[in-house]
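Quick notes on the structure that follows.
Here is how names work: the chains are called A, B, and so on, in the same order as the sequence lines, proteins then strands, and each is numbered from 1. For the numbers below, each heavy atom of this structure counts, side chains included, while hydrogens, waters and symmetry mates do not.
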There are 2 protein chains.
Amino acid sequence: MKVTMKDIAKEAQVSIATVSHVINGTKHITENKQKKIMNLIQKYNYIPNSTAKNLRQKTTKTAAMVVSSLPDSFVTEMVYGVEERAREMGYNLLLVNTNEVKDYEEETISVLHSRMIDGIILSPASSDLEYLNKYTSEDFPVVLVNRYTDLAKNTPKVTGDNFQTGYDAAFHLLKHGHKKIGMIYGVSNVSTTDERIKGYKEALKNYNLPFNESYMELGHATVAGGAAAVKSLLTRHNDISALFVLNDLMTIGAISQMKEFLLKIPEDIALIGFGDFASASIVDPPITNIVQPPATIGKTAFDVLLSKIHNPNYKKHIELPPSLIVRKSCGCV
Amino acid sequence: MKVTMKDIAKEAQVSIATVSHVINGTKHITENKQKKIMNLIQKYNYIPNSTAKNLRQKTTKTAAMVVSSLPDSFVTEMVYGVEERAREMGYNLLLVNTNEVKDYEEETISVLHSRMIDGIILSPASSDLEYLNKYTSEDFPVVLVNRYTDLAKNTPKVTGDNFQTGYDAAFHLLKHGHKKIGMIYGVSNVSTTDERIKGYKEALKNYNLPFNESYMELGHATVAGGAAAVKSLLTRHNDISALFVLNDLMTIGAISQMKEFLLKIPEDIALIGFGDFASASIVDPPITNIVQPPATIGKTAFDVLLSKIHNPNYKKHIELPPSLIVRKSCGCV
DNA sequence: TCCTTTTGGTTAATCGTTTTACCGATTTGA
DNA sequence: TCAAATCGGTAAAACGATTAACCAAAAGGA
């Protein structure tokens with residue numbers, strides 16, 4: 001039988017209000033009673049029922065992280081960052097994975113809202129986020145990470161700087177003389193991809209090279225998808241000398257497909273991947289990656305959520321800079 | 001201003017009990033009023049406040065997963081499995097990472113308990129789990145995954161079959177003529193490691209070979225830790241012909257350290273790793289791994305939690321079999 | 001017709017806290 | 001000395017649902 005505040009109060013011969021006050025320090029209570037109550041709390045290992053507390057206080061000290069693809073290592077690292085900061089700040093974290101299905105995402109937000117969650121960090125499945133306004137307009141805090149859209153008004157965002165990411169990767173390849181640079185990506189019509197393509201275009205422009213749509217290849221964001229994309233892209237353009245792959249799993253697939261084609265990396269085709277996985281350095285060849293800091297994105301996102309909770313008008317877009325980790329696969333070391 | 005059941009009731013000119021009944025189908029209500037209420041619910045997009053509901057019903061449809069190391073890919077995959085099944089069953093999932101610190105684990109369980117969580121899936125930091133009995137003895141459902149101990153009575157467990165894992169890996173190497181087999185592990189005094197060592201010993205016994213403690217090496221469960229462990233182990237025993245590494249990050253470190261030593265895998269030293277990561281197949285050389293199915297462990301764990309919730313006496317230890325994925329690093333293909 | 005069920009619905013207790021308003025007793029101030 | 005302020009403490013109203021108990025009216029049975 002769970003012990004409640006009432007039980008403590010009865011045994012200490014005080015009112016439950018008094019017990020509440022000593023627990024929360026909301027009123028001064030004589031040392032005598034205070035001691036007695038404290039002892040009983042110890043004795044019974046009593047902890048106030050937080051559901052009741054939440055109901056009364058209309059706050060749960062709980063946030064949720066809603067992601068569109070949990071197995072993705074980039075996402076995993078973000079979750080890691082969010083959880084860490086949440087814990088530090090005394091929040092609990094609900095995790096839900098929408099598996100890239102938008103309807104489920106929408107439903108999820110709705111049930112989380114009804115749970116009196118304090119706020120949500122959302123890594124959305126699509127760019128189709130008008131539905132969020134219904135919540136944000138009543139000051140329910142939502143912050144977007146990774147992907148975003150301007151359709152969601154009044155929503156802070158924290159992302160990697162994707163324009164810079166695309167620019168830096170392309171620039172690095174261009175600088176080393178490549179002129180035909182293929183690009184493989186796993187999702188279309190999301191800000192991450194779009195911005196990176198913009199950056200890529202901008203780099204081309206600075207080198208006075210034309211942009212050619214057909215050097216872009218969309219595939220599934222999986223190992224097999226990466227392989228298939230390379231196959232399709234290279235049969236269309238056998239003159240490609242460098243490749244930028246926007247997803248780590250696809251990078252792995254790309255490499256194995258190229259091995260199958262007996263193409264040498266970087267001699268025949270230079271490669272830059274995105275993200276990072278522990279083994280990037282011992283793969284053959286070690287992969288040059290442009291990386292965004294997912295854990296930092298996660299932590300920052302939680303901080304931003306807190307800001308948003310305390311100030312409903314808070315609304316910034318924080319973009320964290322990428323960095324290029326040069327290894328063998330791009331052919332310049 | 002959030003709309004409540006009271007608001008709906010007032011506008012429909014019925015009592016709140018009636019509204020509750022139509023929502024939950026707990027009593028037959030005339031079609032007329034039913035329609036009216038439904039419409040209002042639609043109109044206001046009303047969802048019952050679950051905190052209030054939880055308080056009354058003493059159940060939250062929420063489970064928690066408490067892990068000791070979130071960045072670990074094995075753990076990540078388990079979380080993935082748990083989340084998926086939880087979602088399918090209409091549960092929300094709280095995630096907390098204890099970073100291998102036991103005191104925090106204990107505190108965490110305590111606060112989760114006070115949140116009226118329906119149950120916990122725990123991947124513990126240590127084997128020191130007596131403290132759990134305080135909860136399980138009052139029928140608070142806890143299931144252990146991955147690591148376990150018999151100290152926690154009345155607690156179901158779901159794990160990989162670690163004895164078999166150790167046995168199979170060792171047996172495979174022995175079968176191919178290896179006699180001096182080193183073993184590198186990242187955590188000591190946990191069931192996973194202990195059982196695997198037992199399996200390894202048993203395999204040795206079946207080959208009439210002696211067990212030598214000094215072929216075991218404990219290191220940090222990181223890439224750098226794997227490298228350091230190899231260094232230490234090989235300077236102690238330069239006659240080792242095969243290595244079994246119990247952790248995927250350490251495997252990566254081991255490989256790069258061996259490369260530095262100019263040792264060829266598998267010619268100079270055969271290698272079997274544990275777990276699996278997407279790139280295991282394109283690493284140079286591709287790694288032979290003995291794998292346990294983390295996502296399946298996660299899903300199973302949630303099913304077991306449900307069983308435990310519905311039947312407080314439920315108490316099984318489910319062990320899922322490992323499988324050996326043979327690639328180049330063990331020298332037999 | 002009269003008694004018993006059934007039906008549709010409401011009242012009010014309950015879940016376990018927090019918090020406002022209040023109260024008598026003591027202390028302070030002038 | 002008397003009014004005002006402070007102090008330690010409590011009663012009771014929330015918070016927003018669920019649900020047991022109850023009730024009048026309608027329906028059913030003999």
Out of C:dC15, C:dT18, D:dT18, whichever nucleotide has its closest atom nearest the side chain of A:K53
C:dT18

When you measure from the side-chain N and O atoms of A:H28 to the phosphate of D:dG8, is any distance below 4.0 Å, counting only OP1 and OP2?
yes

Set out, in order, the CA-CA distance, both residues' side-chain angles and the distance that settles side chain to side chain donor-acceptor pair (under 3.5 Å) for A:Q34 and A:H21, then state yes or no.
CA-CA 9 Å; A:Q34 196 156 158; A:H21 283 133; over 6 Å; no

Is there a side chain to side chain donor-acceptor pair (under 3.5 Å) between B:R115 and A:T62 once you walk through the steps?
CA-CA 11 Å; B:R115 301 199 69 156; A:T62 302; 2.5 Å; yes

Taking N and O atoms by type only, does the side chain of B:K27 place a donor or acceptor under 3.5 Å from a partner on the base of C:dG9?
yes

In whole angstroms, how far is the P atom of C:dT17 from the CG atom of B:L55?
9 Å

Distance in angstrom units between A:Q13 CD and D:dG9 C1', rounded
15 Å

By nearest heavy atom, map B:M116 and B:K33 onto DNA chain C; which one lands nearer the 5' end?
B:K33

Check whether the side chains of B:K308 and B:N154 place a donor and an acceptor atom closer than 3.5 Å, and report yes or no.
yes

So, under a plain 3.5 Å distance rule, would you say the side chain of A:R56 forms a donor-acceptor pair with the base of C:dT17?
no

Checking all strands, does B:S15 fall into the base, sugar-phosphate, or nothing category for heavy-atom contacts under 4.0 angstrom?
base

Side-chain N,O (B:K58) to OP1/OP2 (D:dT18) below 4.0 Å:
no

Verify the contact: side-chain N or O of A:N24 to OP1 or OP2 of C:dT18, cut-off strictly under 4.0 Å; return yes or no.
yes

Rounded off to whole Å, could you give me the OH-to-P distance for the B:Y46 and D:dG16 pair?
10 Å

Looking only at side chains, do A:N189 and A:S127 share a donor and an acceptor under 3.5 Å apart?
no

What's the CD1-P distance between B:I16 and C:dG8, to the nearest Å?
21 Å

Can you check the A:I41 CD1 to C:dT17 C1' distance for me, whole Å?
13 Å

Between P of D:dT18 and CD1 of B:I29, the distance in whole Å
13 Å

Out of C:dT18, D:dT19, C:dG16, minimum distance to the side chain of B:A17 belongs to D:dT19

Over how many whole Å does the gap from B:I37 atom CD1 to C:dT10 atom C1' extend?
13 Å

Taking atom types as modelled, find out whether A:Q292 and A:N146 have a side-chain donor-acceptor pair closer than 3.5 angstrom.
no

With sugar-phosphate meaning primed atoms plus P, OP1 and OP2, does A:S20 contact a base, only sugar-phosphate, or nothing at under 4.0 Å between heavy atoms?
base

Distance check: side-chain N/O of A:K2 vs OP1/OP2 of C:dC15, anything under 4.0 Å?
no

Taking only N and O in the side chain of A:T30, is any of them less than 4.0 Å away from OP1 or OP2 of D:dG9?
yes

Separation of D:dA17 C1' from B:I47 CD1 (nearest whole Å)
14 Å

Any non-hydrogen side-chain atom of B:K315 less than 4.5 Å from a side-chain atom of B:T155?
no

Indicate, with a heavy-atom threshold strictly under 4.0 Å, whether A:T4 touches base, sugar-phosphate, or nothing.
sugar-phosphate

First of B:H21 and B:Q57 reached from the 5' end of DNA chain C, by closest nucleotide:
B:H21

